[in-house]
Amino acid sequence: MKQPVFREVQNRLKEEIWQAWAKASQEGLLPEPTGDIEILLEIPKERVHGNFATNLAFVLAKPARRAPREIATILVDKLVDSDLVNQAEVAGPGFINFFLKQSWLNRVLVALVEAPEEYGRVDDLAGKKIQLEFVSANPVGPMNVVNARAGALGDSLARLFKFCGAEVAKEYYINDYGIQVYTLGRSIDARYRELLGQEVVFPEDGYQGEYIYDLARALIEEKGRSLLEMSEEKRIEACRDWGYKKILASQQKDLADYGIIYDQWFSERSLHEAGRVDQVVAEMKERGLLYEEEEAVWFRSTEFGDDKDRVVRTADGRTTYFVADIAYHLNKFARGFDHLINIWGPDHHGYIPRMKAAMAAFGFDPNRLEVLIAQQINLLKEGKPFKMSKRRGEFITMRDLLEEVGNDAARWYFLMRSPDSHLDFDLELAKKETAENPVFYVQYAHARISSIFRQLDGEFIPDPEFIASVVWEDDEKEILEKVAVFPEVVSGAAREREPHRLTNYLLDLATLFHSYYNRKRFLTEEEQLTKARILLAYAVQNVVRNGLGLLGISAPEQM
RNA sequence: GCGCCUGUAGCUCAGCUGGAUAGAGCAACGGACUUCUAAUCCGUAGGCCAGGGGUUCGAAUCCCUUCAGGCGCGCCA
């Protein structure tokens, strides 16, 4: 694909600086250009410092044994005239600031107008096959707010990676095997019998939530008293299988309503039934990774960077959850993914080294498995900590939250912070802030522009020749410069796995737009002026729409 | 005790590979609707970047250390 104009300009500018450096070195003024020193171009925080700035003079100060400002002056002096740079100046302690001719902005606009939905796309991840596994909540109860955060993060990253050229698969691992679902079965069984009038002692470790009663009632409606005929074991299994499938279905619905569509739902049980779990233990044994101690079987994970060895088979002969997880991840690699990303909750971060150790032990580069931690959410209610407990059945579910604040606001709220931040979420505040949430500010910019287009006489036909001829005023240049940098924001957000770079960017862009909107009119008496301003609005609208799209947030035509 | 995350304005948080005078939203205060959507705009005020050392031309950013908060360290999942 074609490089974004921004990158092309950046590369050409680097080339021009390199030429100046080479020229200066030929004249003995500076040391020869080497591969060790890379020319870095940054976007200055202040617009008065130009479109780009380089710190090359500082880097060369030591080898050249000259003062940075002196070097910067030499470099500027050797720069040849180009159709790119309007002016280069030495500034501060030795920066070189570049002010570009506005033609580059018009080239950005031409590219944008040619393929508006594509604008912002980069090819950083072209050819890569990436799998994202996230949420993967146990099918034993409603999902919580951390699941909602992980969902927003995983889904947005998937969209970002695709926009960067990768082939992406979103996957959900269903923990439909083992103790947790069994406990669910026992819990439902107890409520089932209780509702049918039996004297029951609710299991000590059972799930206390009201939703278990709901499930039991639904079970009675569906199957009547028939389960009472079964043996206890059969009945619990029946409750388990019926129950987790019901819960799974509601999780699938919740996620779909949230806008998250998975490519695959992967069952843990299927691994057990296919014998893959026992097979993994056998393979580990063959590879000499295991030893026996105190009747248990251990994996020498410490040889692969873990801080202690891990049990794979307990003294009573059961394989641990860890083994199923290894089997699962080996399966992922077998499916041909180049890179695996898992998003886990903060309580699982201690699990990362052993998982990577297992992959390394099977000959995979552990760097191909990346685990992101969706950090905790401190739920508050009126400023006071609100402790959630599945056991006591007191929690705010993901669905509660989404119904309360809406998908767009919830996603924005989760994504506007770095994934590492432990965010405070005040339930009362979230309700109050609904109307003040910054997401509406950004969406409003989009809606305002849509409104302008609805009132436009005639059609907006972007014409490259016209675009190339427009002369922009300074406040317009500022907006277009922001538009121009969008592909880099996309690239950075994907590379660092930080969608909040996008929310910040969109907020900035919307601010510039709203300010301009209050200052200037789009629909004027002058045809050329109107055309130019409409073009500007069109560019902003598409960037906002694409940006919100990458966050999984809607871009409304009106509000 | 060990490991991971966090500590920046009254509150919630940004600050990209180290760069120029540390930013935004909310809250507070003062202004702007005869005009394409006031869910908007303009302005004022607000800081010892938790503390202390170090690295260098330059540190909120990197290293060491102390303190504070959260989480994790089972033959659990």
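All values derive from a computational prediction rather than experimental measurement. Reminder, nothing fancy here: chain letters follow the sequence lines and each chain counts from 1.
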Between A/Ile373 and A/Arg354, name the one whose nearest nucleotide on RNA chain B is closer to the 5' end.
-> A/Ile373

Walking RNA chain B from its 5' end, the first of A/Val48 and A/Thr511 to be reached, judged by nearest nucleotide, is A/Val48

Return the pairing partner of [N] with a 3.5 Å limit on both distances, Watson-Crick or G-U wobble; otherwise return none.
{"N": "B/C57", "answer": "B/G19"}
{"N": "B/C11", "answer": "B/G25"}
{"N": "B/A38", "answer": "none"}
{"N": "B/G72", "answer": "B/C2"}

Whether A/Phe95 and A/Phe58 hold their rings parallel, tilted or perpendicular, with breakpoints at 30° and 60° | perpendicular

Assess whether one donor atom and one acceptor atom, taken from the side chain of [X] and the base of [N], lie less than 3.5 Å apart.
{"X": "A/His422", "N": "B/C5", "value": "yes"}
{"X": "A/Asn97", "N": "B/A20", "value": "yes"}
{"X": "A/Asn55", "N": "B/G19", "value": "yes"}

So which nucleotide from [options] ends up closest to the side chain of [X]?
{"X": "A/Ser421", "options": "B/G72, B/C13, B/A20", "result": "B/C13"}
{"X": "A/His349", "options": "B/C4, B/G19, B/C5", "result": "B/C4"}
{"X": "A/Ala296", "options": "B/C13, B/C75, B/U40", "result": "B/C75"}
{"X": "A/Gln180", "options": "B/A77, B/C36, B/A14", "result": "B/A77"}
{"X": "A/Ile179", "options": "B/A77, B/C36, B/C71", "result": "B/A77"}
{"X": "A/Gln376", "options": "B/A20, B/C75, B/G70", "result": "B/G70"}
{"X": "A/Phe440", "options": "B/A39, B/G15, B/C57", "result": "B/A39"}
{"X": "A/Lys308", "options": "B/G19, B/A39, B/G74", "result": "B/G74"}
{"X": "A/Ala315", "options": "B/C75, B/C36, B/C73", "result": "B/C75"}

Just by modelled atom types, is the A/Ser554 backbone N or O under 3.5 Å from a matching donor or acceptor in the A/Gln443 side chain?
-> yes

Sole candidate of A/Arg497, A/Gln375, A/His500 that passes side chain to side chain contact (heavy atoms under 4.5 Å, CB included) when paired with A/Pro419 | A/His500

In this structure, how many angstroms lie between the [atom2] atom of [N] and the [atom1] atom of [X], rounded?
{"X": "A/Ile39", "N": "B/G19", "atom1": "CD1", "atom2": "C1'", "result": "17 Å"}
{"X": "A/Lys45", "N": "B/G18", "atom1": "NZ", "atom2": "P", "result": "14 Å"}
{"X": "A/Asn504", "N": "B/G15", "atom1": "CG", "atom2": "P", "result": "7 Å"}
{"X": "A/Asp420", "N": "B/C13", "atom1": "CG", "atom2": "P", "result": "13 Å"}
{"X": "A/Met416", "N": "B/A24", "atom1": "CE", "atom2": "P", "result": "14 Å"}
{"X": "A/Leu509", "N": "B/A14", "atom1": "CG", "atom2": "P", "result": "21 Å"}
{"X": "A/His500", "N": "B/C16", "atom1": "NE2", "atom2": "C1'", "result": "9 Å"}
{"X": "A/Tyr441", "N": "B/A38", "atom1": "OH", "atom2": "C1'", "result": "12 Å"}

Taking 4.0 angstrom as the limit, do [X] and [Y] come out as a salt bridge?
{"X": "A/Arg313", "Y": "A/Glu292", "answer": "no"}
{"X": "A/Asp325", "Y": "A/Arg354", "answer": "no"}
{"X": "A/Asp124", "Y": "A/Arg495", "answer": "no"}

Please report the distance separating the [atom1] of [N] from the corresponding atom of [M], rounded so that it comes out in whole Å.
{"N": "B/C64", "M": "B/U55", "atom1": "P", "value": "15 Å"}
{"N": "B/A27", "M": "B/C62", "atom1": "C1'", "value": "36 Å"}
{"N": "B/A45", "M": "B/G10", "atom1": "P", "value": "15 Å"}
{"N": "B/A50", "M": "B/U8", "atom1": "P", "value": "6 Å"}
{"N": "B/C57", "M": "B/C16", "atom1": "C1'", "value": "22 Å"}
{"N": "B/C41", "M": "B/A24", "atom1": "P", "value": "13 Å"}
{"N": "B/A59", "M": "B/C49", "atom1": "P", "value": "13 Å"}
{"N": "B/G46", "M": "B/A22", "atom1": "P", "value": "14 Å"}

Do we count A/His348 as stacking onto B/A77 if the rule is ring centres under 5.5 Å and planes under 30°?
-> yes

Does the ring of A/Phe95 meet both stacking tests against the six-membered base ring of B/A20: centre distance under 5.5 Å and plane angle under 30°?
-> yes

NA contact type, A/Glu294, heavy-atom cut-off 4.0 Å: base, sugar-phosphate, or nothing?
-> base

So what does A/Leu523 touch, heavy atoms closer than 4.0 Å: a base, only the sugar-phosphate, or nothing?
-> base

May I ask you to evaluate whether [X] reaches the phosphate of [N], defined as a side-chain N or O under 4.0 Å from OP1 or OP2?
{"X": "A/Arg448", "N": "B/A38", "value": "yes"}
{"X": "A/Arg318", "N": "B/C76", "value": "yes"}
{"X": "A/Ser515", "N": "B/U40", "value": "no"}
{"X": "A/Thr320", "N": "B/A77", "value": "no"}

Give, for atom CD1 of A/Ile373 and atom CG of A/Asp420, the distance between the pair rounded to the nearest 0.5 Å.
-> 9.5 Å

Is the distance between the ring centroids of A/Phe513 and A/Phe522 less than 6.0 Å?
-> yes

Over all heavy atoms of both residues, which pair between A/Gly206 and A/Thr183 is shortest? Give the atoms and the distance, please.
-> CA-CG2, 4.1 Å

